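What you are looking at is a predicted structure, and each value in this text was computed from that prediction instead of being measured. If you read the sequence from its start, that first residue is 1, and numbering goes on from there.
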Amino acid sequence: MNTQDCALLLLPGGETWMDSCHALILGKAKDCLDKGIPVAAICGATMALASAGILDTYRHTSNDFAYLKKECPNYHGEENFQFQSAVTDGDLITASGTAPIELAYQVFKRLDVFSDETLDCWYQLHKIQDTQYFYKLMQSLG
């Protein structure tokens with residue numbers, strides 16, 4: 001993976017992130033963060049980042065704090081754990097597996113994809129599924 005043209009590295013959730021076969025991508029995640037390229041991780045990917053020591057110096061979240069500590073013996077970022085659905089700290093974005101909309105919101109915000117008004121309408125539309133936000137979203141784009 002060439003990070004030269006990379007705007008963000010997205011690490012999706014899954015159950016295999018603790019397998020050693022992911023060491024290469026975890027190294028790339030660290031390289032991205034070192035170069036100021038945002039990294040976003042959700043669900044099991046946050047555990048892999050914790051196990052690799054990457055979360056130790058960033059405010060972050062994951063699926064469950066107790067489970068993270070139990071399953072990731074190399075994790076030493078307890079003081080930075082946030083009991084929130086999604087957390088952004090500089091170039092690192094983390095989310096619980098139950099928070100895909102919140103992760104997307106944080107990614108869009110970090111990449112400056114939408115204006116604040118449009119992003120808020122997008123979030124409300126998807127979070128509470130009220131059609132009034134569809135119309136507000138369309139208005140904010142025009």
| query | Checking ring pair (Phe, Tyr, Trp, His ring centres under 6.0 Å) for the pair H60/Y75: CA distance, chi angles, key distance, verdict? | reply | CA-CA 12 Å; H60 61 275; Y75 171 66; 5.5 Å; yes

| query | In Å and rounded to the nearest 0.5 Å, what is the CD to SG distance from Q132 to C121? | reply | 9.0 Å

| In a check of side chain to side chain contact (heavy atoms under 4.5 Å, CB included) between L11 and each of L49, T46, I42, which one passes? | L49

| said: Would a single hydrophobic cluster contain both L26 and L68, if residues Ile, Leu, Val, Met, Phe, Trp and Tyr are joined by side-chain heavy-atom contacts under 4.5 Å? | reply: yes

| W17/M47 under side chain to side chain contact (heavy atoms under 4.5 Å, CB included): CA gap, chis, key distance, verdict | CA-CA 7 Å; W17 274 104; M47 293 184 59; 5.8 Å; no

| Looking at side-chain heavy atoms only, is the closest gap between W122 and Y105 below 4.5 Å? | yes

| query | Are F83 and F81 an aromatic pair by the rule of ring centers under 6.0 Å? | reply | yes

| Value rounded to 0.5 Å, distance of OG in S85 from CD in Q106 | 8.0 Å

| Taking a hydrophobic cluster as the set of Ile, Leu, Val, Met, Phe, Trp and Tyr residues connected by side-chain heavy atoms closer than 4.5 Å, whether directly or through intermediates, do L24 and V39 fall within one such cluster? | no

| Quick one: CD on Q82 to OG1 on T88, what's the gap to the nearest 0.5 Å? | 11.0 Å

| remark: Tested for side chain to side chain contact (heavy atoms under 4.5 Å, CB included) against C43, the lone hit among N63, T98, T94 is N63

| message | Is there a side chain to side chain contact (heavy atoms under 4.5 Å, CB included) between C72 and M18? Walk through the geometry before answering. | response | CA-CA 9 Å; C72 304; M18 300 304 282; 3.9 Å; yes

| note | Looking only at heavy atoms, the pair that brings P12 and A45 closest together is O-CB, 3.5 Å

| Residue pair L9, I25: steps toward the side chain to side chain contact (heavy atoms under 4.5 Å, CB included) verdict | CA-CA 10 Å; L9 176 62; I25 194 65; 4.2 Å; yes

| field | Sub-4.5 Å side-chain heavy-atom contact between L33 and I54 | value | yes

| message | For a salt bridge (Lys or Arg N to Asp or Glu O under 4.0 Å) check, start with the C-alpha distance between E102 and K127, then their side-chain angles and the critical distance, and finish with the verdict. | response | CA-CA 9 Å; E102 290 78 3; K127 188 65 178 177; 2.6 Å; yes

| query | How many angstroms lie between NZ in K70 and OH in Y67, if you round to the nearest 0.5 Å? | reply | 6.5 Å

| said: Closer than 4.0 angstrom, basic N to acidic O: yes or no for D34 and K30? | reply: yes

| message | Check for me, please, whether F108 and Y123 land in the same ILVMFWY cluster - side-chain distances under 4.5 Å, paths through other members count. | response | yes

| Just wondering, do L137 and T118 contact through their side chains at under 4.5 Å, heavy atoms? | yes

| Can a donor-acceptor pair be found between the side chains of Q84 and T61 at a distance below 3.5 Å? | no

| said: Quick one, Q124 with D130, criterion side chain to side chain contact (heavy atoms under 4.5 Å, CB included). Give me CA distance, side-chain angles, the key distance, then yes/no. | reply: CA-CA 7 Å; Q124 293 301 328; D130 185 333; over 6 Å; no

| request: Using the rule that two of Ile, Leu, Val, Met, Phe, Trp, Tyr join whenever any of their side-chain heavy atoms come within less than 4.5 Å, decide whether L103 and L119 are in one cluster. | output: yes

| query | What's the spacing between L141 CG and F114 CZ if we round to 0.5 Å? | reply | 6.5 Å

| said: Check this for me: does any side-chain nitrogen of one of D91 and R110 sit under 4.0 Å from a carboxylate oxygen of the other? | reply: yes

| About how many Å separate CG of L8 and SG of C32, when rounded to the nearest 0.5 Å? | 8.5 Å

| said: If you count heavy atoms of other groups shown closer than 6.0 angstrom to CD of E15, is the number above 12? | reply: no

| Taking the side chain from D56 and the backbone from G77, do they hold a donor-acceptor pair closer than 3.5 Å? | yes

| message | If you define the side chain from C-beta out and look only at heavy atoms, does anything of L125 sit under 4.5 Å from T131? | response | no

| task | Determine whether I101 and L111 fall in the same hydrophobic cluster, where Ile, Leu, Val, Met, Phe, Trp and Tyr are linked whenever their side-chain heavy atoms lie under 4.5 Å apart. | result | yes

| task | For F65, look at atom CZ and say whether over 12 heavy atoms of other residues, nucleotides or ligands are found less than 6.0 Å away. | result | yes

